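Below: the structure, in structure tokens.
On a predicted model such as this, the values are computed, not experimentally measured, just so you know. We count ligands from 1, going down the list as the structure has it; atoms in each ligand are counted the same way. We use all heavy atoms of the structure for the numbers below, so side chains are in, but hydrogens, waters and symmetry mates are not.
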Amino acid sequence: MTGRINIQKLGFPARGETFIHIAFEGTDHGLSLPFDEKTNQRISAKLKQREFSGKEGELVSVDVDTPYKTAVVVGAGKEKEFNLIKWRNLLADTFRYCRAHKLTSVTVSYFDILGKNYFAVGQNLAVALYLANYDFDFYKSEEAKKKSKRIINLAFSGGPLLTSQVKVVQEGIEYGKLLAEGIYLTRDLVNQPASHVHPDTLEEQAITIAKESKGKIKVEVLDENECRKLGMGAYLGVAQGSEQPPKFIVLHYAGVGKKICLIGKSITFDSGGLSLKPPEHMETMKMDMAGGATVLGIFKILSRYDVPAEVYGILPACENMPSGHAMKPGDIVTALNGKSIEVLNTDAEGRLTLADTLSYAEKYLKPEMMIDLATLTGACIVALGKNITGMFGNDQKTLDSLEKAANTEGEDLWPLPLYKYYAKSLKSPVADLKNIGGGKYSGGAITAALFLSDFVDKTKWIHLDIAGPAFNENEPYGVVNHGGTGWGVLMILSFLSRLK
Ligand code: BES
Ligand code: ZN
Ligand code: ZN
């Protein structure tokens, strides 16, 4: 699946044909160009003619006749507001422009404003390139595949850097490539149609990761019977309408350090069940396993990169389908922790599968911390829009460090509250709780998170509602492509790497 990633000569080869120049607002762009005087003047004139001001998003391309063939001048906005993540996203946009114009060999150079974290410079350069090079083309004709160009040569010009510093950039590039391989896996799994990705496909993928890990990662899969014996009535209730058998997949990376559980919502298709979704809401629901795919992407990286933690990854995989066997609104299921749940809406299925998973993790794995990633609610998209993840949790210190990791990696999230009074709407007259709250203005992302919190007893826990950022139906921007995005892989890896 990830064969595509090895096509680039990335790093420090001979120069690339297209020179990418980053230009800030309010500076004389012509002066800082690195060509001979005549070429500089020609580019300056062109920039003037196009009224180039250096604002973010501006781009002017000029054919030149120096050792380079093309100069692409990219506006970067105000120098004061610039950082590595802006650079990464700007590069990704520029690489996409280059691909569209068949400029497949590029040069990017170091400049002081990028700072002294040379490893991060390399990492972000590689992440920008690989993610901008990503295409989901499994189902395109050979002809179409050939037409779409990727960047196959990226030269990084170190400029003022010392050999020892360049070496650190190179290490960062290698790490960035590893990260991208994990994200490719996540994207590929999310992008494939739901008829091709079933719970047992996720199981196979987990097994492949374990096999390739040379013993570092182990996988255990509980089938329906085993889940029933453990009392996972909520999870199995969701699965029961489908022809596809559920698979409760548990991966284990035996690193040394704190024990962390990563839990990914893994509904391989969410039709809504008998509370059937309207067509326009169902179109993208192959992506409802994005949380699980993110966990698999992370484990792919862990198979080749060590972090100071013992990590479990759990995917309660199943399909949410209507049928003669399906759960009916009004049904009452009993979860692993003994709580009964009145299921009034079978489309609020993610929280049911996660309820049993959180209880399972706490009871049998006893971790120090649990983080779930779930495309849980449309309400979270209403609250924060498409690009920002909603974050909930019961431990401020853990929330702070995850937020820090998210900021470092340029993956946006925002804390939302778990105010208890909203939990009143989850009271049921006939069971311990019901699976939906109070309708339109009930803070749906919050009530869903409060529902989950009923299945966490004493463990530190963070819930990430990734319903928006996991999938992009619109145009690509920065490192975010169309389709499955792989949101969360970078941030979680950064979080795990920094654990003490
Ligand atoms: N998978 C959906 C949430 C979702 C919506 C993800 C849009 C990505 C984009 C989830 O299972 C769901 O259907 N939630 C319902 C809950 C409601 C019935 C309380 C929702 O958000 O409408
Ligand atoms: Zn649903
Ligand atoms: Zn769902």
Side-chain angles (χ1 to χ4, degrees), residues 190-191 194 197 199 202 234-235 237-242 246 263-294 315-322 326-331 341-357 372-390 416 422-423 425-426 428 433-452 463-474 483-485 487-488:
V190 172
N191 288 333
V197 177
L202 298 179
Y235 165 53
V238 176
Q240 77 189 35
S242 168
I263 295 169
K265 175 174 169 181
S266 300
I267 302 294
T268 57
F269 188 71
D270 183 9
S271 69
L274 285 179
S275 312
L276 200 65
K277 282 182 184 296
E280 64 275 19
H281 287 179
M282 216 191 285
E283 277 174 13
T284 55
M285 281 303 128
K286 66 175 182 182
M287 60 78 101
D288 214 20
M289 33 59 80
T294 306
L315 287 77
C318 68
E319 218 183 30
N320 186 22
M321 295 292 278
M327 195 160 55
K328 302 170 186 79
D331 277 359
I341 307 164
E342 184 187 14
V343 179
L344 287 180
N345 190 323
T346 62
D347 196 13
E349 84 297 339
R351 62 194 76 181
L352 296 172
T353 66
L354 294 174
D356 274 340
T357 311
D372 75 71
L373 296 113
T375 49
L376 202 64
T377 66
C380 197
I381 310 179
V382 174
L384 297 174
K386 280 287 307 171
N387 301 4
I388 303 168
T389 287
L416 292 172
Y422 279 177
S425 66
L426 292 168
S428 160
L433 69 167
K434 59 184 165 89
N435 79 329
I436 48 169
K440 201 173 169 196
Y441 297 125
S442 65
I446 299 174
T447 46
L450 283 165
F451 180 92
L452 297 182
H463 159 55
L464 298 169
D465 194 330
I466 58 171
F471 196 83
N472 173 29
E473 297 98 316
N474 306 314
T485 64
W487 191 100

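- Nearest heavy atom pair, residue Gly264 against residue Pro316, reads O-CD, 3.3 Å.
- In the vicinity of Arg351, heavy-atom distances shorter than 4.0 Å reach the ligand 1 atoms 16 (C), 19 (C).
- Restricting Asp270 to its N, O or S atoms, the one at the least distance from the Zn ion (ligand 3) is OD2.
- Looking at Asn435, its side chain does come within 3.5 Å of a backbone N or O of Ala348 through a donor-acceptor pair.
- Atom OE1 is the N, O or S atom of Glu349 at the shortest distance from the Zn ion (ligand 2).
- The residues Lys265 and Glu349 are annotated as salt-bridged, a charged nitrogen and a carboxylate oxygen being separated by less than 4.0 angstrom.
- Shown here, atom 22 (O) of ligand 1 is out of close reach of the protein: none of its heavy atoms lies under 4.0 Å off.
- In this structure, Lys386 contributes its side chain and Phe471 its backbone to a donor-acceptor pair below 3.5 Å.
- Neither the backbone nor the side chain of His281 has any atom closer than 4.0 Å to an atom of ligand 1 (non-hydrogen atoms only).
- In terms of polar-atom proximity, defined here as any N/O pair under 3.5 Å, Gly378 does make such a contact with ligand 1.
- Among all non-hydrogen protein atoms, the one lying nearest atom 15 (C) of ligand 1 is Asp347 O, 4.1 Å.
- Side chains of Asn320 and Ser271: a donor-acceptor N/O pair is absent below 3.5 angstrom, by distance only.
- Side-chain N or O atoms of Tyr235 include none that pairs as donor or acceptor with a backbone N or O of Cys318 at under 3.5 Å.
- Within the listing of ligand 1, atoms 19 (C) sit less than 4.0 angstrom from a heavy atom of Ile436.
- If you look at Asp288 next to ligand 1, the close heavy atoms, those under 4.0 Å, all belong to the side chain.
- Residues Asn345 and Pro329 have side chains not in contact (no heavy-atom distance under 4.5 Å, counting atoms from C-beta outward).
- Summarising the geometry of Thr447 relative to Tyr422, their closest heavy-atom pair is CG2-O, 3.8 Å, with the distance given to 0.1 Å.
- Taking both residues in full, the closest heavy atoms of Leu344 and Lys434 are given as CD1-CD, 3.5 Å, listed atom of the first, atom of the second, then distance.
- Among the atoms of Asp347, none of the N, O or S atoms falls under 2.8 Å from the Zn ion (ligand 3).
- Under 2.8 Å from the Zn ion (ligand 3) lies no N/O/S atom of Gly350, from backbone or side chain alike.
- Among protein heavy atoms, atom 18 (C) of ligand 1 sits closest to Asn345 ND2, 3.4 Å.
- Using a 3.5 Å distance cut-off with no hydrogens or angles, the side chains of Thr485 and Asn472 do not pair a donor with an acceptor.
- The shortest heavy-atom contact between Leu315 and Leu202 is CD2-CD1, 4.3 Å.
- Distances from the Zn ion (ligand 3) to the N/O/S atoms of Asp288 are shortest for OD2.
- Here is the list of ligand 1 atoms found below 4.0 Å of a heavy atom in Thr375: 1 (N), 2 (C), 3 (C), 6 (C).
- At the shortest separation from atom 7 (C) of ligand 1 among protein heavy atoms lies Met285 CE, 3.7 Å.
- When all heavy atoms are compared, the tightest approach of Ser428 to Leu433 is CB-C, 3.7 Å.
- Atom 14 (N) of ligand 1 has its closest protein heavy atom at Leu376 O, 3.5 Å.
- Proximity to Glu349 (heavy-atom distance under 4.0 Å) selects the following atoms of ligand 1: 11 (O).
- Asn320 does not count as a contact of ligand 1, since none of its heavy atoms falls under 4.0 Å from the ligand.
- Using a 4.0 Å cut-off to heavy atoms of Lys265, the atoms of ligand 1 that qualify are 1 (N), 10 (C), 11 (O).
- Close approach to Ala467 involves these atoms of ligand 1, each under 4.0 Å from a residue heavy atom: 6 (C), 8 (C).
- In terms of protein heavy atoms, atom 2 (C) of ligand 1 is closest to Asp270 OD2, 3.5 Å.
- In this structure, Asp465 contributes its side chain and Thr377 its backbone to a donor-acceptor pair below 3.5 Å.
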